[in-house]
Every structure is written in structure tokens, then in C-alpha cells.
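Take a look at the structure below.
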Amino acid sequence: MEEAVVSKNFIEQIIEKDLAEGHYDTVRTRFPPEPNGYLHIGHAKSIILNYGLAKKYNGQFNMRFDDTNPTKEKTEFVDSIIEDIKWLGADWEDRLFFASNYFEQMYEAAVKLIKKGKAYVCDLTADEMREYRGTLTEPGKESPYRNRSIEENLQLFEDMKNDKLKDGEKVLRAKIDMASPNINMRDPIIYRVAHMTHHNTGDKWCIYPMYDFAHPIEDAIEGITHSICTLEFEDHRPLYDWVVTELEYENPPKQIEFAKLYLTNVITGKRYIKKLVEEGIVDGWDDPRLVSIAALRRRGFTPESIRKFVELCGISKANSSVDYAMLEYCIREDLKLTKPRMMAILDPIKLIIDNYPEGEVEYLDVTNNLENEELGIRKVPFCRELYIEREDFMEEPPKKYFRLFPGNEVRLMHAYFVKCESFVKDSDGNITEVHCTYDKEAKCGSGFVERKVKGTIHWVPAPYAIKSEVRLYENIVDEEAGVYNEDGSINVNPNSLKILKDCYVEPSFNGAKAYDSYQFVRNGFFCIDAKDSTPDNLVFNRIVSLKSSFKIK
RNA sequence: UGGGCUAUCGCCAAACGGUAAGGCACUGGACUCUGACUCCAGCAUCUCCAGGUUCGAAUCCUGGUAGCCCAGCCA
């Protein structure tokens, strides 16, 4: 067996070089979300990347909540994040950390900087601070409080800590360079006063460290070697390095940036998803129209399919937007061989087999997945009256239409050949019944080879079928209009929720469990809503419409 | 002449000076108990542009162009 040659991505190259040159003797990565929302497909890229690297190089993968800003964080989110990452299969073993558990060490680190003359307490207001910071093209100017004595700074910082000050009254700043072309280096704030109840530390602290100060410390404490983050932090790297250098950590971690995952025609971006949830445009964080991990799970995506997807997308520093079709490919690819396929009719029309004895029923052995016999068989009742898909019959078929039309014979999947003899219309001209005769000899699996048919259609036994209400979701984004407007608002597709009433499914659905009920409908799939798998509440994947249209040339 | 980063097929993405991998999508054709799947075939004489160095450049140099990020007491 030969494995395809997979080239190493740029991060792997950096890691291997570091290992070879002895900068590190192991690899330790982490996934450090802020618990301020649910995870989505974009986070999956980071999780799988970090976890994958740790595994590949026999290192360790840490899970860490970067909870340094209590205003946005909730335990609801930490719970959901843990659930989602576990589901994705990333294993942090016993290394689940909270940045908030390092507050004491961060405080000590700040004191150390002050003692080194590398940090000072500043009284400038937020507005003044902005003014002093300068602009993108002009340098900033130094704060009048920049040269306070170490003793005074120590005292004031302690006052900040000991609840002697109001929010925003004073901050602690790193003393770097107000003229730096990199704005992040213009004496960035590293600690602020905020009287907030923290989801983990409660009211113990009234000062909180800023990301740029906290993150490198968190990484260093945990012995992270490669701190992988997204592109927008590139400008922060000099500050990251400044912090670990001034704090004199041995073997300091190294920050590496990669491009975020964007998908065409869907909404990524936590703040937008949050908005859709909060405004009630979608039903919640796991609404099937979203690409949150919870939503994808509910729709029937498997962890394998998402891992495969991330792997296929690759890692680079180029901003890019991956075609949604790639995600769909990955789930099809996984489901294809691993899940049973059952029959269901979305838009039914009755098919009556005139020469099949009335009242008789036989239970056919149906293979769950013709491409994977290990998935076994099930019994499906077959009788005189069936439902077939409305689009599988045409009164006047176009050329190259292989399905049912007067005089034509097709195969009923897993059952018999059936020939259309006549049909019935109602007063409005709608077809209500299709009448056929079946050929008992041409039973599937009987080895019948006398005749061949060009078409095969799926069906469901009318008296035994379970009638269900089906929700068919369309993309939340208006594909024509694009995702975002110029003002940053989202183009929501007004038809993103469609209800189809008469759906009929095989009786086998009765015992169907959340994840083992993937179906092909014509050429697509649909799946049961994993959140509530009762047959009355089927959620059809958008994948249903995928590849399902048959073009007549 | 603020700084940082990025530009390779419709979409991702390799190639690390030796003559443009692969996947998705698409298009033919074969096969078929799902017009799916599978299988075969096709799909960048060319790498944002313009010069230059070299026997040889997507890769090096020079100069442009385009896009993304940065002026939160968010992360």
C-alpha cells in the first residue's frame, strides 16, 4: 500500500527545524478559546491543527480557556466548548486549564516588570490614551506618568489590586516605545481595573490582565513550544516576544500565525453567529443553518468528515475562502461507506401494482449499504400500494428520461421490476396515481438477467410508511447577494427555512437512532436531526438538494 | 516612503534555482439495484505585473500593482 505523498505545511516545517536545531526537545500546543460563544468550523481548523501537531510529534496538546475578560465570558460557553472539542476527537487528557487560574502568577509577573522599570501605572483616561498613542502614520507621545518611580508604581499597582480605584481610573502599561511604527508596542496596557464577577474566580480580582500580556505568560507557564494563532496577531508577535523576554522565561514559546478558515456562502465569525442567535433569526447556536460545531453535529456531520475537511483545506498564510462544496464532499465521502441508507419520499405520489395481490405483504431483505455489506440488512415491507417520488414519474418524458412513464419499466430499488400501465389525474390535472404491473421473476437478488432497465427508483410501502413533517433548510446566506453587505450587515436568505409536509419514510425509521439514519434521496442525502430523532421531526440536510437535480440535455 | 502580512487553475494548495503535485468543482466516456458511487480521460507551456541575474527562475534581485491586518482599558 502506498500512501499519497503529503507535503508538510509551513508550521510542520518550522517545528521540525526547531526540533532538529534543538530549540525545543518536545512539542506542546494548545487550543485557547475565550469562552464567549460556541465553536464553529473555523475553530475546528485550529483545534485539529494543534491537536494534530502534538500527536504527530509525540508531544502534548493542552486545552485552555483564555478567560481574562469576565464581561464576555460564561460557563455555558465553557461547557459547550468542551463538549464540541471532545466530539471532534481532540484529547487534552488531564490538561484542562484556565487562564484565570494563573492570575496570581500574572500579577507577580507584572510586579516583576515594574521592578525592572519596564512597566508603569498610567492615569491617562481612555480618550487621552488614544490621543497620546498617535496614529498609523504619526508616532505617539510619552505619557506624563511614564517616569514614575518604581516605588510609586509598585504602590499604585497594589492599590489597583486592592480595590482602591474605580474602573478605568488607572492602568498598568508596559514601557516600550511610543514611537514604534507598530502600534502594539506603544506602551500597551497590560492590566486594567474592572469590577466584574468572573465566571471562575468570582470577585477575587478587580484587576484583569490584557490578552497581550496574559497570553505569552499562559503559554510559558504551560511549557507551550509553539503558540499557534491566526494572522491578525502577527503584529502582536513583537510584544509577545517582549513579554517572554522581559519575564526571563527559559525556553520561551514561539508564536506562529496561520490564515483563518473561511467558507463560501456561510457565516463564520463568532460575532455574526452571535447576532443571528440573539436576534432570533436562527433558533439557537445549533440551528442547522449555521456552521457551528453543534449545528454540524446536529445535521449529521461526523467528526471524521470535519477532520477530513480541515486536512483537505490545508494550512497557509494566504487569506482564502474554501468552497462549501468541499465540506459537502467530505461528509458524502464519510457517510458513503459508513452509514446505512434508507429510503424516504419527500414529495409522494401513489404507485399501485395492479397485479400484486391485495392485502398481501412480504418483507424484503434490504441491504443497508450496497457498498459496505458489513452494515447488514433490514426488512422492508413490500405491498400493492407504494409511494414514489413525484419527480420519478412523467406523463410525457423528455428524451433520456429513464424513470417511470407510460409503457416504461424501471426497477424499484431492492424490489421488483415494475412497468407503468396507466395513471390517474384529478380534476386539476395533477397526477394522483400511477398504475403498474410488476414482474415477480425480476426480483432483486434473484439473479434475473433477461431484461435490463435504465432506471431505478426508490419507494416506501404506503400502508406502513411513517408520515413525517420535514424541515428542509436552505442556506442562511443569500447566495445571490453574497454574505456581507458593504456596511457589514449580513444578507439573510428569507427562504432559509422551508417546511415540507408530506414526507414518508420507511418503517425502519421507527427504531432509527440519531446517527445511524443517513439516507440517500435520489442522489443526495438527508439525515435525521440528531437533536430530536423522532420521525416527526426530520431535518433534511441542505445536502438533499445537492447534486439532486438531473439535467436533461 | 506608517508598520506587518499575502499573491501559483473557478476554489483550496504543493513546489525551497533544475524545467508547475494533489484535492474540490467542472467536462467527456465506461459501469451501475440510487442519473449516486466507482473507473478511465480532460482540465495552468505557465505562477499579480514589468524589468534584471542565471545554462536554467514560481522560486534570487529591482521596481510596481492588488488584497488582508493594526490606532479596544476585547481576544
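Just so you know, these numbers use all the heavy atoms, side chains as well, and skip hydrogens, waters and symmetry mates. Sequence lines set the chain letters: A, B, ... in the order given, protein chains first and strands last, and positions in each chain run from 1. Quantities reported herein were computed from a predicted structural model and do not represent experimental measurements.
- Scanning RNA chain B for stems, defined as runs of 3 or more consecutive Watson-Crick or G-U wobble pairs whose donor-acceptor distances all fall under 3.5 Å, gives the following ranges: B:2-7 with B:65-70, B:10-12 with B:22-24, B:26-30 with B:38-42, B:48-52 with B:60-64.
- Between Ile353(A) and Leu351(A), some side-chain heavy-atom pair lies under the 4.5 Å cut-off.
- The shortest distance between the side-chain N/O atoms of Arg271(A) and the OP1/OP2 oxygens of C74(B) is not below 4.0 Å.
- Residue contacts shown for Ile315(A) are limited to sugar-phosphate atoms, with no base heavy atom under 4.0 Å away.
- One finds a side-chain N or O of Lys336(A) lying less than 4.0 angstrom from the OP1 or OP2 phosphate oxygen of U38(B).
- OP1 or OP2 of G23(B) has not a single side-chain nitrogen or oxygen of Lys308(A) nearer than 4.0 Å.
- One N or O donor and one acceptor, one from the side chain of Asp235(A) and one from the base of G3(B), sit under 3.5 Å apart.
- Taking side-chain N and O atoms only, Thr68(A) has a distance below 4.0 Å to OP1 or OP2 of A75(B).
- The residue among Leu231(A) and Tyr191(A) whose nearest nucleotide of RNA chain B lies closer to the 5′ end is Leu231(A).
- Residues Thr68(A) and His215(A) fail the side-chain proximity criterion, which asks for heavy atoms closer than 4.5 Å.
- Considering only side-chain N and O atoms, Thr135(A) lies nowhere under 4.0 angstrom from the phosphate OP1 or OP2 of A71(B).
- OP1 or OP2 of G4(B) has not a single side-chain nitrogen or oxygen of Gln255(A) nearer than 4.0 Å.
- Among the protein residues, Leu136(A) comes within range of the nucleic acid bases, having at least one heavy atom under 4.0 Å from a base atom.
- Counting distance only, with no hydrogens placed and no angle test, the side-chain atoms of Glu34(A) and the base atoms of C74(B) include no donor-acceptor pair under 3.5 Å.
- Using a 4.0 Å cut-off, some side-chain N or O of Arg130(A) falls inside it from OP1 or OP2 of G72(B).
- Gly140(A) comes within 4.0 angstrom of nothing in the nucleic acid, heavy atoms only.
- In G72(B) the O4'-C1'-N dihedral to the base is within 90° of 0, which defines a syn nucleotide.
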